[in-house]
Chemist: 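Okay, here's the structure, questions in a sec.
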There are 2 protein chains.
Amino acid sequence: MNPLSRFKKGAIIAHIIYYARKEPFYGVWLKEELARHDYKISDGTLYPWLARLTNSGYLAMEEKNVEGKIRKYYSITDAGEDHFHKIKRYLEELYKEYMEQ
Amino acid sequence: MNPLSRFKKGAIIAHIIYYARKEPFYGVWLKEELARHDYKISDGTLYPWLARLTNSGYLAMEEKNVEGKIRKYYSITDAGEDHFHKIKRYLEELYKEYMEQ
DNA sequence: AGATCGATATCGATTATCGATATTATAAAA
DNA sequence: TTTTATAATATCGATAATCGATATCGATCT
C-alpha cells in the first residue's frame, strides 16, 4: 500500500456519488464501471456502502424488474447532489494546491 | 462517514508525500499542519505510515538534535518525488473528470 | 420440479485505524 | 545529582473497515 493507491481507495467511494449523478445504476454495473477505471472494490465493501448512502439519504433506491430480474437501481437525491458539490469543491482546492507545486 | 470524509482520509496520506517535497518535517509538525487543514489523523496511523514510507524508500529519515531534543526529520527521496508526480497526474485526471460534470 | 443465471446480501478472516498510554531523551529545577 | 517537566516517537488493545468467498433470492428454461 502506497499513498497513491490509498488515495484511490478514497476516490472510489466518492465515485459512487459521481456516477449516481450521471444516471441510475445497479450494483454490478457500478462494480464493472469502477473496474474499467482500474478501481477495484469488493462486494463486501460496495454493498454496505450502497446501503449506507441510501440510509443517509444521499442515494434513493428503486427496485426494477429488468427482463425478469430484480435490480436495485440507485439514483442521486438532493442531499446527494449537494454532497457531490462539496466533493467537487474539495477536489478543486486539492487540485490547485497540488498544481502550485 | 460519508464519501467526502472518506475521500479526505485518502488525501491525508498523499499529503505526507506532498509536504515532504516542500521541506523536511518531523511527526508532530506534520500532524499539526494537517490539523490546520482540517485533516485529523491519530498517532497510531501517522507513525506507522512514516515508517512504512521510509521503509518503502519514498521518504528518507534523519535524526536531528534540535535544542536538545531529538527529532526525526523526513524528507523526500527520488522515488518519493516520482510517486508525487503519479499522485499529481492522477489528481489531474480526477479533476478533469469531475469538472465535466 | 430441478438447474441455471444474474444480481444482491452476508459472514469470517484479515487488515487498518483510533486514541490512550508508554517510552525515550534532554534540560531545567530543586 | 536526583527529580520534574517537556517534546517527540513508538506501542498496544479495542474498534471498524475491507476483502473475497459463499449464500441467497427470484425468474426463466428444459
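Each chain gets a letter, A, B and so on, in the order the sequences are listed, and its residues count up from 1. The structure presented is a predicted model; accordingly, all values stated were derived computationally and were not measured.
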Chemist: For the side chain of B:T45 and the backbone of B:I41, is there at least one donor-acceptor N/O pair under 3.5 Å apart?
Modeler: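 No, the answer is negative, given that no donor and acceptor are paired below the 3.5 Å cut-off.
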Chemist: Going 5' to 3' on DNA chain C, which nucleotide is the first and which the last to come under 4.0 Å of a heavy atom in chain A?
Modeler: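 Span of nucleotides near chain A: C:dC5 to C:dT17.
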Chemist: Hey, are A:Y73 and A:R71 close enough side-chain-wise for a donor-acceptor pair under 3.5 Å?
Modeler: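 There is such a pair between these side chains.
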Chemist: Between residues 9-22 of chain A and DNA chain C, which residues have a heavy-atom gap below 4.0 Å?
Modeler: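 Nothing qualifies; none.
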Chemist: Atom NZ of B:K64 to atom P of D:dT9: distance rounded to whole Å?
Modeler: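 Interatomic distance, NZ of B:K64 to P of D:dT9: 13 Å.
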Chemist: I'd like to know whether the aromatic ring centres of A:Y98 and B:H15 sit less than 6.0 Å apart in this structure.
Modeler: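 Yes, ring centres under 6.0 Å apart.
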Chemist: Check the orientation of B:W29 and B:Y19. Use parallel for under 30°, tilted for 30 to 60°, and perpendicular for over 60°.
Modeler: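 Rings of B:W29 and B:Y19: perpendicular, over 60°.
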Chemist: Does B:N55 CG have over 12 foreign heavy atoms under 6.0 Å away?
Modeler: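 Enclosed.
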Chemist: Looking at A:K64, A:E62, A:E63, which one forms a side-chain contact (heavy atoms from CB on, under 4.5 Å) with A:K72?
Modeler: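 Single pass found, and it is A:E63.
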Chemist: Check whether A:I16 and A:V28 end up in the same hydrophobic cluster, where Ile, Leu, Val, Met, Phe, Trp and Tyr are linked by side-chain heavy atoms less than 4.5 Å apart.
Modeler: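 In one cluster with A:I16: A:V28, yes.
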Chemist: What verdict does the salt bridge (Lys or Arg N to Asp or Glu O under 4.0 Å) test give for B:R89 and B:E92, after you've listed the backbone C-alpha separation in whole Å, the side-chain angles of each residue and the deciding distance to 0.1 Å?
Modeler: CA-CA 5 Å; B:R89 274 197 297 277; B:E92 281 183 83; over 6 Å; no
Chemist: Report the residue (A:G27 or B:N65) whose heavy-atom-nearest nucleotide on DNA chain C is the more 5′ of the two.
Modeler: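 Here A:G27 is the residue nearer the 5' end.
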Chemist: For the backbone of A:M1 and the side chain of A:S5, can you confirm whether one donor and one acceptor N or O come within less than 3.5 Å of each other?
Modeler: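 It does not hold such a pair.
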Chemist: Report the distance from atom OH of B:Y26 to atom P of D:dT9, rounded to the nearest whole Å.
Modeler: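 In whole Å, D:dT9 P and B:Y26 OH are 8 Å from each other.
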Chemist: With the side chain counted from C-beta on, respond yes when B:F7 and A:L91 share a heavy-atom pair under 4.5 Å apart, and no when they do not.
Modeler: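 Sidechains of A:L91 and B:F7: in contact.
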Chemist: So what does B:G44 hit on the nucleic acid, given a heavy-atom distance under 4.0 Å: a base, only sugar-phosphate, or nothing?
Modeler: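 Base contact - B:G44 has a heavy atom under 4.0 Å of at least one base atom.
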Chemist: Below 4.0 angstrom, which residues in residues 46-56 of chain A have at least one non-hydrogen atom near DNA chain D?
Modeler: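 Going residue by residue through residues 46-56 of chain A, the ones with a heavy atom under 4.0 Å of DNA chain D turn out to be A:W49.
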Chemist: Pick the nucleotide of DNA chain C nearest each of A:D43 and A:R6; which residue has the one closer to the 5' end?
Modeler: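 So the residue in question is A:D43.
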Chemist: Can you tell me the distance, in whole Å, between the NZ atom of A:K31 and the P atom of D:dT18?
Modeler: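 So the two atoms are 15 Å apart, to the nearest Å.
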Chemist: Is a side-chain N or O of A:T77 found less than 3.5 angstrom from the main chain of A:Y58, in a donor-acceptor match?
Modeler: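 Indeed, once roles are kept as given, a pair shorter than 3.5 Å links the two residues.
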